[in-house]
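The structure under discussion appears below in the form of structure tokens.
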Amino acid sequence: MIENLVIVESPAKAKTIESFLGKDFIVKSCFGHVRDLSKKNFGIEIDNNYSPQYIVSEDKKKIVAELKKLAKDSGVVWLATDEDREGEAIAWHLSEILKLSPENTKRIVFHEITKDAIRNAVDNPRKLNKDLVNAQQARRILDRLVGFELSPVLWKKIQPKLSAGRVQSVAVRLLVEREREVMHFNPESKFKVYGTFSFSDEQGEKVELKAEVTNHFPDSDETRKFLNNCKDADFEVVDIITKPSRKSPAPPFTTSTLQQEASRKLGFSVSQTMTVAQKLYEAGFITYMRTDSVNLSSLALVSARNTITQEFGEKYAKTRKYKTKAKGAQEAHEAVRPTYFQNETIKGNRSEQRLYNLIWKRTIASQMSEAQLEKTTITINISNSDKRFVASGEVIKFDGFLKVYMESKDEELDDSTKGMLPLISTGQFLNYESINAYERFSTSPPRYTEASLVKKLEELGIGRPSTYAPTISTIQQRGYVFKEDRPGFNRNFTVISLSEGKLEEKTKTEKAGTEKKKLFPKNIGIIVNDFLIEHFKDILNYNFTASVEKEFDEIAAGKLDWTEMIDAFYKPFHAKVEKSLATSIKKTGERQLGKDPETGEPVMVRIGKYGPFVQLGDSSKDEKPRFASLLKGQLIETITLEEALELFKLPRTVGDFEGKDLIVGVGRFGPYVRHNNKFFSLKKETDDPLTINKSRAIELIEEKREIEKKRIIKSFPNDPDLKVLIGRYGPYISYKKKNFRIPRKNEPESLTFEDCLRIIEEGQKKERQKAKGKRQK
DNA sequence: CAGTGAGCGAGCTTCCGCTTGACTT
């Protein structure tokens, strides 16, 4: 007989809580949701008032059986799942599946894992909140209905295996719309003028002062006119303003802000951040990493203050409480913070240390005093112009939180010259040393990174901390979008300089349009998005989630019946599904590009079974048309006739090597060189299949041969099929195109031929067992 | 692993949100 069984969601949490509660309590975890809607027939009896059909998830059968047994032997079962909609539902599912009796079941909640919070929770148990559970059921059922009705429409009208959903489809829409903004953006240029001035100070020393004209000049004529004026102008300091200003620290991390900062400061992908954070959490170094709250426990506040006072002194400490402003936040957990502030560093691999360091600094800074700055602005009059030069500087009077941490921005700051300004007074006349005007181009709104997309989704209240990373992966896995670096292009710009009374004009070159780890839509993503917008505009609406969330809140408050809400949504939605199936024809994104000037045959582009391709010629004629795949990054929407015609030049022979032809083409896995029936991939950064030459092709072949050679740890003369190789996940055995893992106890270098055969034998045995197990399921 | 692009039809795909491992070449 167990007196008390406590069930929480996370096993790491269970361990901590058990240590707080003493020997009368057993704490177990259920690993999140234990039941879900069956996948058969939607898992919903639509005609039976949307009655949900729940089944225990395959991977939860074991844990449910274990909990059942423990619950039967327990006096009181404490359901201590998270204090939010999903947590309440998990508690309800547990009470159902474990057949708990109301009198022996207590629901408790805490949103921080501290001894006081847990004790307090145990002293204040409550009953299950069925309204909140119903709000969750409505959420779950709505998502199932949307996902499982829309996706099959896409299978029929566009391509199999595609998907649509309340969250992912909006994520794709954001990317498609941003790409179109970039596509249609026309950069405009204007001129920005910077001057370097000088004067003699009281000691007779020459002192320099840099300043800029705050307005821009629309073109080079205006700019030249202004610079010509400057030749014989007097420059006089007419105004000096010094103003104090303050900067406050950013709040502690939530999942979303952690992902953003880890992306900006450490270059982590969203999923990488979560994997590393999970490790830190399991090791007990940080609090729970999936949270939408910026709240810190009172224990954490005190402890942070102590650490700051000790390390930096009393005046650096300032206790701050932050309010969460994210839409739809449920605040079941604390902010992501170090569990012990005295651990400024931790043991772990490099990524773990770096992420921990970031979390430590951010949290500590959030409890520090603001920085005090002094901003100075010097205005310089130009005697023959109504324009003015302005020099601005910023001096830190007290660094405060800046001592440990400064939040990064997505966009780079302008290149204004901030810093110390020289001592100067009004009425001072200045000489110009040089005045330079730079042509500057306006930029389109930036493409999204994984992290900035998460930020946008969070702002719209779409998705939850536990789903941001999986959503980003899903839209990439479906082939809707992809992540890429783009090298950019060279752009000329004009510089007009005035120095020693002479005006000089130069053309310089800069890199523009460089992209790092940005998300780009693919053709199929664009076609799916346009189809969904055409037929299901309300679901794709950026406010759809926010508006259904309002209704879920009403259900949670007991003011709205969940089946009525679902019915009001489903009836018109389902009618639109039927209509889209009946009326729309298959979408391929087809576009006519024009006629081939050589043959006069039509050229068109569309998406097919194997992706987007161009077609030369009519398929209704006797002569078969020619086909060619689009290159990565080429869009159906923007490809020109000229670019399409280029594609038909592939595959092409660029020369020969070792007596065999070198053929360049584009296949399923991208551009390649084929030589002696072996394929060598082109490097996507540097190589273009349309322009690559013989010497570069040979280079690629030799490069790959070199790598192949290094991959071989061991080979055996008596069987050339058998090799020990080093791969992405360490050493492995390759035999007749099959791979086998090497058991940990073996040194890969010292494996004998017989050892390898034995490992292969075992591996094949295991594989057969696995196949058998699968069939039985 | 890299030549495809017609059409038929069986059987499959798919959602969001909670949680961790197992596993990869």
Side-chain angles (χ1 to χ4, degrees), chain A residues 8-14 29-37 39 42-44 57 59-60 63 81-82 84-91 93 136 139-156 159-169 275 278 281-282 288 290 330 332 462-468 470-471 474 478 545 588 606-615 619 624-629 651 663-674 677-682 711 725-734 737-742 770:
Chain A
V8 297
E9 293 180 40
S10 151
K13 222 186 206 178
S29 77
C30 65
F31 296 84
H33 273 293
V34 291
R35 292 203 301 183
D36 191 17
L37 297 173
K39 291 198 173 184
F42 284 53
I44 303 162
S57 323
D59 55 334
K60 298 296 166 55
I63 186 72
T81 50
D82 295 347
D84 58 13
R85 199 163 64 199
E86 298 296 327
E88 200 70 15
I90 293 171
H93 280 298
Q136 192 276 345
R139 198 280 303 155
R140 180 67 192 92
I141 285 165
L142 179 118
D143 281 336
R144 170 56 67 82
L145 288 170
V146 170
F148 274 38
E149 291 229 353
L150 286 188
S151 301
V153 178
L154 299 181
W155 304 342
K156 289 188 188 91
Q159 222 172 69
K161 294 190 183 183
L162 295 174
S163 66
R166 174 177 58 82
V167 174
Q168 59 169 283
S169 296
T275 312
Q278 177 87 31
Y281 168 66
E282 282 167 13
Y288 196 57
R290 290 186 274 264
Q330 308 202 3
I462 298 172
R464 304 277 313 131
S466 69
T467 60
Y468 294 139
T471 301
T474 300
R478 296 276 175 276
T545 292
T588 62
R606 70 176 180 91
I607 207 151
K609 217 156 71 175
Y610 309 106
F613 66 97
V614 283
Q615 180 179 327
S619 47
K624 258 193 141 185
R626 289 191 63 195
F627 302 101
S629 287
I663 300 158
V664 175
V666 176
R668 204 148 88 79
F669 304 102
Y672 62 86
V673 183
R674 199 173 73 197
N677 275 329
K678 281 207 175 94
F679 291 87
F680 305 86
S681 289
L682 268 58
R711 273 183 59 213
L725 301 172
I726 183 108
R728 205 148 50 107
Y729 306 102
Y732 66 100
I733 295 170
S734 162
K737 295 204 171 177
K738 281 201 157 188
N739 299 323
F740 300 90
R741 301 184 67 176
I742 297 170
K770 226 172 150 184

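Every chain is numbered from 1, with letters handed out A, B, ... down the list of sequences.
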Output a table of nitrogen or oxygen pairs between the protein and nucleotides 9-14 of chain B separated by less than 3.5 Å.
{"unit_1": "B:dT13", "atom_1": "O2", "unit_2": "A:Lys161", "atom_2": "N", "d": "2.6"}

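- Counting any heavy atom pair closer than 4.0 Å across all strands shown, A:Gly463 reaches sugar-phosphate atoms only and no base atom.
- Residue order along DNA chain B, read from the 5' end via each residue's closest nucleotide, puts A:Pro671 first among A:Pro671 and A:Gly32.
- Across all strands shown, A:Pro651 has no heavy atoms under 4.0 Å from either base or sugar-phosphate atoms.
- Phosphate contact (OP1/OP2 of B:dG17, side-chain N/O of A:Ser466, threshold under 4.0 Å): absent.
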For nucleotides 4-7 of chain B, print each protein N/O atom paired with a nucleotide N/O atom at under 3.5 Å, atom names and distance only.
{"unit_1": "B:dT4", "atom_1": "O2", "unit_2": "A:Tyr610", "atom_2": "OH", "d": "3.0"}
{"unit_1": "B:dG5", "atom_1": "O6", "unit_2": "A:Ser629", "atom_2": "OG", "d": "3.2"}
{"unit_1": "B:dG5", "atom_1": "N2", "unit_2": "A:Tyr610", "atom_2": "N", "d": "2.8"}
{"unit_1": "B:dG5", "atom_1": "N2", "unit_2": "A:Gly611", "atom_2": "N", "d": "3.2"}
{"unit_1": "B:dG5", "atom_1": "N2", "unit_2": "A:Gly611", "atom_2": "O", "d": "2.9"}

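- Using a 4.0 Å heavy-atom cutoff across all strands shown, A:Val146 reaches no nucleic acid atom at all.
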Once pairs are restricted to Watson-Crick or G-U wobble with both distances under 3.5 Å, how does DNA chain B read as a dot-bracket string, [ ] for crossings and | for other-strand pairs?
.........................
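- Put simply, A:Arg35 has no side-chain N or O that comes within less than 4.0 Å of OP1 or OP2 on B:dC18.
- Residue contacts for A:Arg140: at a heavy-atom cut-off of 4.0 Å it reaches a base atom on one of the strands shown.
- The nucleotide whose nearest atom lies closest to any side-chain atom of A:Tyr281 is, among B:dT20, B:dC18, B:dA2, B:dT20.
- Residue contacts shown for A:Tyr288 are limited to sugar-phosphate atoms, with no base heavy atom under 4.0 Å away.
- By the salt bridge (charged side-chain N to carboxylate O under 4.0 Å, His left out) test, A:Glu86 pairs with A:Arg139, sequence neighbours left out.
- Contact annotation for A:Thr471: no contact, since no heavy-atom pair falls under 4.0 Å across all strands.
- Here A:Arg35 pairs with A:His93 under the side-chain hydrogen bond (donor to acceptor under 3.5 Å, both in side chains) rule; sequence neighbours left out.
- Each of A:Arg85, A:Glu9, A:Gln136 was evaluated against A:Ile90; a single residue qualifies, A:Glu9, per the side chain to side chain contact (heavy atoms under 4.5 Å, CB included) test.
- For A:Thr81, the side-chain hydrogen bond (donor to acceptor under 3.5 Å, both in side chains) partners at least two apart in sequence or on another chain are A:Arg107.
- Counting any heavy atom pair closer than 4.0 Å across all strands shown, A:Gln278 reaches sugar-phosphate atoms only and no base atom.
- Each of B:dG21, B:dT19, B:dG17 was ranked by its minimum atom distance to the side chain of A:Glu282; first place goes to B:dG21.
- Judged by distance alone with a 3.5 Å cut-off, no donor-acceptor contact links the side chain of A:Arg144 to the base of B:dC16.
- The residue A:Arg139 sits close to a base: some heavy atom pair falls under 4.0 Å.
- Across all strands shown, A:Asp59 has no heavy atoms under 4.0 Å from either base or sugar-phosphate atoms.
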